[in-house]
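Computed over heavy atoms, backbone and side chain alike; hydrogens, waters and symmetry mates excluded. Lettering follows sequence order; numbering is per chain, from 1. All values derive from a computational prediction rather than experimental measurement.
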There are 2 protein chains.
Amino acid sequence: MPTIKDVALKAGVSATTVSRVLNNRGYLSEELKHKVHQAMEELNYRPNELARSLSRSKSNIIGLIIPHVSLPFFGELTSHIEEHAYREGYKLLLCNSWQDKQKEQEYIHMLRASRVDGIIMGSHTLEVEAYRQMNLPLVTFDRQISPDIPYVCSDNYEGGKLATTLLIQKGCRHLAHIGGHPKLNILSHLRCVAFEDMAKQHNLEYVTLHTDNNSFDFEAYEQLLGQLFAEHPEVDGIFAGSDIIAAYALKACRTRGRRVPEDVKIVGYDGIMLRSLLDPPITTIRQPMEAIGKLAVDLILQQVQGHSVAAAHILPVELEEGATT
Amino acid sequence: MPTIKDVALKAGVSATTVSRVLNNRGYLSEELKHKVHQAMEELNYRPNELARSLSRSKSNIIGLIIPHVSLPFFGELTSHIEEHAYREGYKLLLCNSWQDKQKEQEYIHMLRASRVDGIIMGSHTLEVEAYRQMNLPLVTFDRQISPDIPYVCSDNYEGGKLATTLLIQKGCRHLAHIGGHPKLNILSHLRCVAFEDMAKQHNLEYVTLHTDNNSFDFEAYEQLLGQLFAEHPEVDGIFAGSDIIAAYALKACRTRGRRVPEDVKIVGYDGIMLRSLLDPPITTIRQPMEAIGKLAVDLILQQVQGHSVAAAHILPVELEEGATT
DNA sequence: AGGCCATGCCGACCATTAAAGACGTTGCGC
DNA sequence: GCGCAACGTCTTTAATGGTCGGCATGGCCT
C-alpha cells in the first residue's frame, strides 16, 4: 500500500503538502493540486485511516452493541444505523452481546480501546455505574440509564395503550400480555404497564407473562404460550411484546384450533418487515425504526461535536391493523 | 484517556517496560508485572488500538460486506461471523451493500483505507477485476471469483438435488423453482441447475422463475408467485431458493385455497431459525451457517498469517423435513 | 570472569496532521 | 527610497500512542 510519502515523492512535494491537498487546508495552487491528485491516482493511494484517526484522535467509528443481529428487530435497526452512520462518514463496529453481562462489559472495553467515537447500546445488562464510567458519547435504546445519558425509544406506553384499547374495542374480555423483559428499567416494560392500566380501567381480567431470563429465547416463547393456553383457556385477546412473540401466538392458536381473529385476537409490537410473510398479516404497533436509527446516530454525532443533548427521545408509534384483530 | 506514559509514570517505570508487560516480552519480574498491572487498573488504562494497529501494520479488523443484515439468512451468518471473529481477537466492520454496485465499490475502498486485515464478501455485484485488484485477504460467500480467491458455500447442487428429489418422491409431477439470482457466477444458481437436471431426469414438466434484478425484494417474490399460479395452475411442487421465498409460497398457496402439503408441496433453502415461527413448519435444505461463518473467518486468518489456502470450500447441506412436504 | 536476569534509555518507525517557519515578492506609509 | 508587514506557497518540525531492537547498566550466581 502506498503511503503519503510515496505520493509526495512522485509529485515532487513534501508529505505535508500532500496532506494539505487531501484536507484542502491552507494555500494551494491549482497546479499543485493537480499534480498531487494525479500522483494519488497513479498510485491508487488511499490515506491510512488508522494514522489519520491516531493523529486526529478521532476514529470515525461508532460501536453498536445489541443482543443479537439475527433478531429481526435488531437486524433492521442495525441496517438503519449503519446506513445513516455511513452517510455521515462513520463506520460501524458490530457487537452481539447475547444479552450476556460479561460479553457486554468486554465489548465496552474493546470499543473504548478501539477509540470509537461513541457507542449505541441496544443491550443493557450492566449496572448504571458501568455505563457512566465509560466516559464516551453514548446513546441507549429502550433504557434510561441516568439523566445525563440520552436514550431513544418508541412511545412504549402509548403503544401498549393503543394495542390494548384495540383489543378491548374489538370485544376481547380476557386479555393476556406476553413480554420478554421483566426488568423495570427497560423502557419496553411500559408496554406492559399500559396494558395493565387499560385492562384495569375497563375492569377486565388480565394475565401477564414474561420470560424469566432476560433473553430472546424462541423456545421460551413457545413454552410460555403453552402455559398461557393451559392455565387460561378463556383468553381471547393477546398483546404480544414483539411481532416474533405475536407470530408464536398465532402459531399456538392454530395448533390448538383457536381461530384468529374470531376466537382470539392478537396484536404485536415493532412492525418488522418480515411480518409480511406471516399469514394472516398480524396487527402490530409499528416503531419508526428508521427514525430511531437515524436519531441514535445523530445523538452520537452531536455529542462528538461537543453539544449537549436532551436525555429523552420518545418517538411516536403507529397502529397498523392486519388481519389478527 | 490515559496513555502508556501515564501508566509508566504512575508505576515508576519506563514506557518501554509497560509495553513489555503489555506484550509479555523479555524478562519481567513478578513484582514489576504486579506494579504495572496495578497502575493500569487504577488509571483504567486500555492501550490505544489505533496506535498499536498503526505500529504493527495490523488492525485486527475484518470487514464484512453483505447485501443486508436484516435479511434473516445474512443476519444469522453475520452473527456467527462476528462471534468467531471476536473469539479470535478480531473486530467486525459491518457494511450493507444493498446489492448496489457503487456502494459495494465504495465499501471496498473504505475498508482498504481502514486497513482491515481481510474482507468477507457476501455481496458480489462487481466485475472480477475489481476484487482481484484489492490485494487483501479475501473470502467470498457463494461466488467463485477466480481460482486464487477462496470461497465458501453450501453444497448448492446437492441441496437442489435433495429438494427436488424429495418433491418427486412425494408425488409431485409439475415442478416449479423460484430463485433470486439469475446470474450464473453466483453459486446458489446451482440449486436451480440441480432442480432442472432432476426434473429432466424424471421427465417431469417444470418452470423456473427468477427476480430479474439482483435484489432481495419481498414484493417481487409475491408478484412472482402470483405469476406462477396464474400461468401454471397445475404446479404441485415448489422448490424455493430460500426459506423466505418458501414462506411467501406458503402464503400464496393459502391465499389461493391450495392446501399445503396436500395440493402443493414446498421445500425451502437455508434453514433460518425464524422458520420455526411459520406454521406449518417448512421443509428446508439446511446450510451449516455456523460452520460457514467460522470457516470464512478462519480462511481470512490463515491468509493473514501468510498461509495459502484452497479455493473451494463446499460444506454439506442437510434435508430437514417439516410439514410442507 | 562470565553468564543470566531485570530494567532503563534512546531512537527509529507506523502514516498522518497541526503549528510554525521560510522565502521571495508586493505594497504601503513616512 | 527605505523599512516592514502582508501575502501566497510550500517546507520543517513536532506530535499522536504505541512497538521494537539495540545497547547500556547493574546485581546476583557460579
Student: Please say whether more than 12 non-hydrogen atoms of neighbouring residues, nucleotides or ligands are located less than 6.0 Å from CE in B/Met273.
Tutor: no
Student: Quick one: B/Lys58 NZ to D/dG18 P, roughly how many Å, whole number?
Tutor: 18 Å
Student: Does atom CD of B/Gln102 have more than 12 heavy-atom neighbours from other groups under 6.0 Å away?
Tutor: no
Student: Tell me whether A/Lys5 at atom NZ has more than 12 heavy atoms from other residues, nucleotides or ligands lying less than 6.0 Å away.
Tutor: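 Check fails, neighbour count at 12 or below.
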Student: Are a donor atom and an acceptor atom from the side chains of A/Ser59 and A/Ser53 found within less than 3.5 Å of each other?
Tutor: no
Student: List the atom pairs, donor and acceptor, that lie under 3.5 Å between side-chain atoms in residues 38-51 of chain A and the rest of the protein, sequence neighbours left out.
Tutor:
{"residue": "A/Gln38", "atom": "OE1", "partner": "A/His34", "partner atom": "NE2", "Å": "3.3"}
{"residue": "A/Asn48", "atom": "OD1", "partner": "A/Leu50", "partner atom": "N", "Å": "2.8"}
{"residue": "A/Asn48", "atom": "OD1", "partner": "A/Ala51", "partner atom": "N", "Å": "3.3"}
{"residue": "A/Glu49", "atom": "OE2", "partner": "A/Arg52", "partner atom": "NH1", "Å": "3.4"}

Student: I need the CG-P distance between B/Asp6 and D/dT16, as an integer number of Å.
Tutor: 11 Å
Student: Flag yes if more than 12 heavy atoms outside B/Lys33 fall under 6.0 Å of its NZ atom; otherwise flag no.
Tutor: yes
Student: Can you sort out the partners of A/Tyr86 under ring pair (Phe, Tyr, Trp, His ring centres under 6.0 Å), two or more places apart, ordered by chain and number?
Tutor: B/Tyr107
Student: Do you know which of A/Arg56, A/Lys58, A/Arg112 makes salt bridge (Lys or Arg N to Asp or Glu O under 4.0 Å) with A/Asp117?
Tutor: A/Lys58
Student: Which residues satisfy the ring pair (Phe, Tyr, Trp, His ring centres under 6.0 Å) test with B/His68, sequence neighbours excluded?
Tutor: B/Trp98
Student: Find the bend of the helix from C/dA1-D/dT30 to C/dC30-D/dG1 as the angle between its two terminal axes (five pairs each), to the nearest 10°.
Tutor: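 Answer for the end axes of this duplex: 60°.
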Student: Return a single string for nucleotides 24-30 of chain D, one symbol per nucleotide in 5' to 3' order, where B is base contact, S is sugar-phosphate-only contact and - is none, cutoff 4.0 angstrom on heavy atoms.
Tutor: -------
Student: One character per nucleotide, please: for nucleotides 6-17 of chain C, 5' to 3', B when the base has a protein heavy atom closer than 4.0 Å, S when only the sugar-phosphate does, - otherwise.
Tutor: BBBBB---BBBB
Student: Closest heavy-atom contact between B/Asp142 and B/Ser188?
Tutor: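 Residues B/Asp142 and B/Ser188, closest heavy atoms: OD2-CB, 3.7 Å.
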